[in-house]
J.: 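Dropping a structure here in structure tokens format, bear with me for questions.
Throughout, protein chains are lettered first and strands after them, A, B, ... in sequence-line order, and every chain is numbered starting at 1.
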Amino acid sequence: MFFCNSRRDVMERKYDFKAIEAKWQAYWEANNFYKVTEDPAKPKYYDLEMFPYPSGNLHMGHVRNYAIGDVVARFKTMQGFNVLHPMGWDAFGLPAENAALKNNIPPAQWTYSNIANMKSQLKTLGISYDWDREIASCKPDYYKFTQWLFLKLYENNLAYKKRAAVNWCPSCQTVLANEQVINGSCERCDTNVDKRQLEQWFFKITDYAQRLLDDLEMLPGWPEKVKIMQRNWIGRSEGLEFSMDIEGSDEKLTVFTTRADTVFGVTYMVFAPEHPLVEKLVAGTAEEATVKDFVARIKLQSDISRTSTDVEKEGIFTGRYAINPVNGERVPIWLANYVLMDYGTGAIMAVPAHDQRDFEFARKYAIPIRVVIQGPDSPGAPEAMIEAYTGDGIMVNSAAFNGLPVEDGKKAVIKFMEEKGWGKGTVNFRLRDWLISRQRYWGAPIPLVYCPECGMVPVPEKDLPVELPLDVEFKPTGESPLNYVESFYKTSCPCCQGEARRETDTMDTFVCSSWYFDRFCDPNNSEMPFGETAVDYWMPVDQYIGGVEHAILHLMYARFFTKFLYDIKLLKCEEPFTNLLTQGMVLKEGSKMSKTKGNVVSPEEIINTYGADTARLFILFASPPERDLEWSDQGVEGSYRFLNRVWRLVMEYADQIKDVPLSDRHGELDDEARQVYFKTHATIKKVSDDIQERFNFNTAVSAIMELTNTLNAYRDNPAPNMAVVKEGIVNLLLLLSPFSPHITEEMWQAVGFADSIHLQKWPVYQPEALVQDELEIVVQISGRVRDRITVPASASEGDMRERALASDRIKPLLEGKTVQKVIVVPGKLVNIVAR
RNA sequence: GCGGGCGUGGCGGAACUGGCAGACGCGCCGGAUUUAGGUUCCGGUGGAGAGAUCCGUGGAGGUUCAAGUCCUCUCGCCCGCACCA
């Protein structure tokens, strides 16, 4: 056969991915390929993947994350952007301490050796990182500024300490933020979380609630899903806060309600059992003992049972009455488990007719129900109700307000209360302040000192970092070892120089990750967290890529930090991440890879067997990035076969096209060459659009495969047009290079180029290549395809219609029928409606 | 319960603004090369039918010359939130 010889030649230069990948990785590194600096002459592009926790090994989720990021980085670089693409380590955290206990290795050592291991694994992937910017949040030169930022927050009254009922994980022996409690259990170890009254550090994120909510509007590049989750988490609600007198007491009962319009329907009041007034109100009354018992019992209930809808509501009457200011009515004050201390004022007005929770409670304890909103089909009589009526309607039984519809009624009642001085319109948020202190060792120490004379004193900036001692002993008590390191906690007061004690709590790791993207802009600055010129040039991040599991936690905290840094004029942007891509999980056999399920595929093994280029290509080809990806060993082999096909195709032609000049004018082409030329440019267009507009890497890869198939088929041509072949191959390599950077680099060299493929410009398609003289169009009769005809591209609608009706296959089918209508879609189809 | 997403061949997935459903890949079937296996190459591959054709995008209706795509109802799966007053 015609190709026998050349094919054998090709076999001799097999695709040796191991050698090729090692060779080019070394070359790129030796030549500082991916090092970037600020260059005002070029447009910048900041491409960032969420930095990993150094658990020790790369998993497929990481590979997917970084493969996506690298395609973006390489694509943008080729388009002429100055691309910042850094990598680092979110290196503080509890696993290091657990490992220390288990294996008797200090957390620092464990962490650094994991980093070294993961870094070498990461390097085998051939991602275009500027490793000179590598950071690790556990290093003193980094956490110095985490502490510095803490001090800035403290100075601005955004960091404070308070005693509060907080989530405590008995297994991790530390407190947790609300965001870290999943269904009442610790997000890490699944242990049930209790509530404890402890002195803890908080960041006042609630001061930013409104801005965090409003500015979501400024993020069209974020998935709607994530924005909705954040909106829900922030949970803004507008309403009325007002106070009522308590009979026989000087104290007032203050409540928040979103249903001011139902205030005439109040039949009882409820305090949260933890409410500070409760003890005072029952002191010395007949109810004191039973109320105290009740409070003690409810406090024991975990948060899950308190906040779950299917737990039965229970309560107790306090013996006290409040006076409803709008009608002077005396209403009983209860305590109930369904009222939470940390939302609103910790007390509510109960309107059983129009609130389902109050309705259930009232029915259970035989408390009266009074209808004050009449809907078009709501039952008027309380006895007839089987559930609360929460729909629209008009106010009834509400004195001067009768007849007002719900929305107007709310406004009118608020206005009335404000005029009387009883209350005011307010806004409440579900978002709570961020609890950032942890009773753990492996974290950034909170830079604070307790002095018996001066009280709480922040560590002066010049004394930062407060270094974490590395020679600590882990005792199985679970307590932070910092409490036992005298050289750490024993210190002198910055104010009076007297003996003082350091704060031994450390910061939540989410604090470290709330500003690392700023640090990447200027990672070696020893004076400041980052320099102005660097962040002004690079920030905000143009494309952020990571798992959706951070939709609230990290992404909300990072937004908060950015706004704070904007306010203190360290940043000029108010939002850190312009575009966000939340990638799907990597699944095997339909479920998430996990050791317990035994369905883990190791990236190391895959890279060993098929190479990084294949691994990356498969991951990008198998599924669009936002969707979950089903891992398939056979699919990986398919990608490997494809790269081998490209290799053979290019290598077979390499010598023949080396000296063919690359031109974009081909003159007259025969049909087959013309097709190759067309396909080449159609592919450039499609791949560019798929990457740029939609991040649909899977369809981009399939287009590249199609071009490969076209070029392969053209090999059968006995007299090929080598200029067209060269153009096709050159573009094939350029388009494939962001996906599989090593093999394309090797082939680029083989076809005779001296410069790296990664320094080339992204190809631009020629519109004239896509112009076709003739088009194949579909001819339908009543919506069913009956023929395909070829028409000149210039054919008018009338022309197309005539040609379709004149078609040999169409004519007999129309016999005996009347053509009622003909629809012509230029360039696409003709539909003949006939009966 | 509320909010969001997804249902398309044996499988992963295409079909961007309503205009040829199933691109590309996997798998499978047949053939060539090979002593054989593997690799590679060629051809086929939604279902039914000998055929022209007919049926097909979770299900039922509807709008339209034309529906995977738009509308109404409905079923199933996944994710998030869940007494927030």
J.: Side-chain N or O of A/Arg231 less than 4.0 angstrom from OP1 or OP2 on B/G80?
T.: no

J.: Charged N to carboxylate O below 4.0 Å: is that the case for A/Glu387 and A/Arg363?
T.: no

J.: Tell me what A/Gly235 touches on the nucleic acid: a base, only sugar-phosphate, or nothing, going by heavy atoms under 4.0 Å.
T.: nothing

J.: Taking B/A48 as the reference, what is the distance to B/G43 when you measure between their P atoms (whole Å, please)?
T.: 24 Å

J.: Nearest to the A/Arg694 side chain among B/C20, B/A85, B/A15, which nucleotide is it?
T.: B/A15

J.: Classify the angle between the aromatic ring planes of A/Trp647 and A/Tyr15 as parallel (below 30°), tilted (30 to 60°) or perpendicular (above 60°).
T.: tilted

J.: A/Arg430 has a side chain; which of B/G27, B/C84, B/A14 sits nearest to it?
T.: B/C84

J.: Let's see if you can work this out: which of B/G25, B/C20, B/G12 has an atom nearest to the side-chain heavy atoms of A/Met705?
T.: B/G25

J.: Taking the side chain of A/Phe256 as its heavy atoms from C-beta onward, which of B/A85, B/C81, B/G25 lies nearest to it?
T.: B/A85

J.: Whether A/Arg715 contacts B/C42 is assessed here as follows: a side-chain N or O lying under 4.0 Å from the phosphate OP1 or OP2. Is that the case?
T.: no

J.: So does A/Lys817 pair up with A/Glu815, basic N to acidic O under 4.0 Å?
T.: no

J.: Tell me whether the OP1 or OP2 atom of B/C84 has a side-chain N or O from A/Arg432 closer than 4.0 Å.
T.: no

J.: Identify which nucleotide among B/U40, B/C65, B/A23 has an atom closest to any side-chain atom of A/Ser702, counting heavy atoms from C-beta outward.
T.: B/A23

J.: Distance between the C1' atoms of B/A23 and B/C75, in whole angstroms?
T.: 30 Å

J.: Does B/G13 have its OP1 or OP2 closer than 4.0 Å to a side-chain nitrogen or oxygen of A/Asn696?
T.: no

J.: Is the A/Trp334 ring parallel, tilted or perpendicular to the A/Tyr365 ring (thresholds 30°, 60°)?
T.: tilted

J.: Determine the contact category for A/Asp628: base if any of its heavy atoms lies under 4.0 Å from a base atom, sugar-phosphate if only primed atoms, P, OP1 or OP2 are that close, otherwise nothing.
T.: sugar-phosphate

J.: Has A/Lys225 got a side-chain N or O lying under 4.0 Å from the OP1 or OP2 atom of B/G5?
T.: no

J.: Can A/Glu224 and A/Lys227 be counted as an ion pair, charged N to O under 4.0 angstrom?
T.: yes

J.: Of all the nucleotides listed (B/U40, B/C24, B/U53), which has the minimum atom distance to the side chain of A/Arg641?
T.: B/U40

J.: Mind checking if A/Val833 touches a base, just sugar-phosphate, or nothing, with heavy atoms under 4.0 Å?
T.: sugar-phosphate

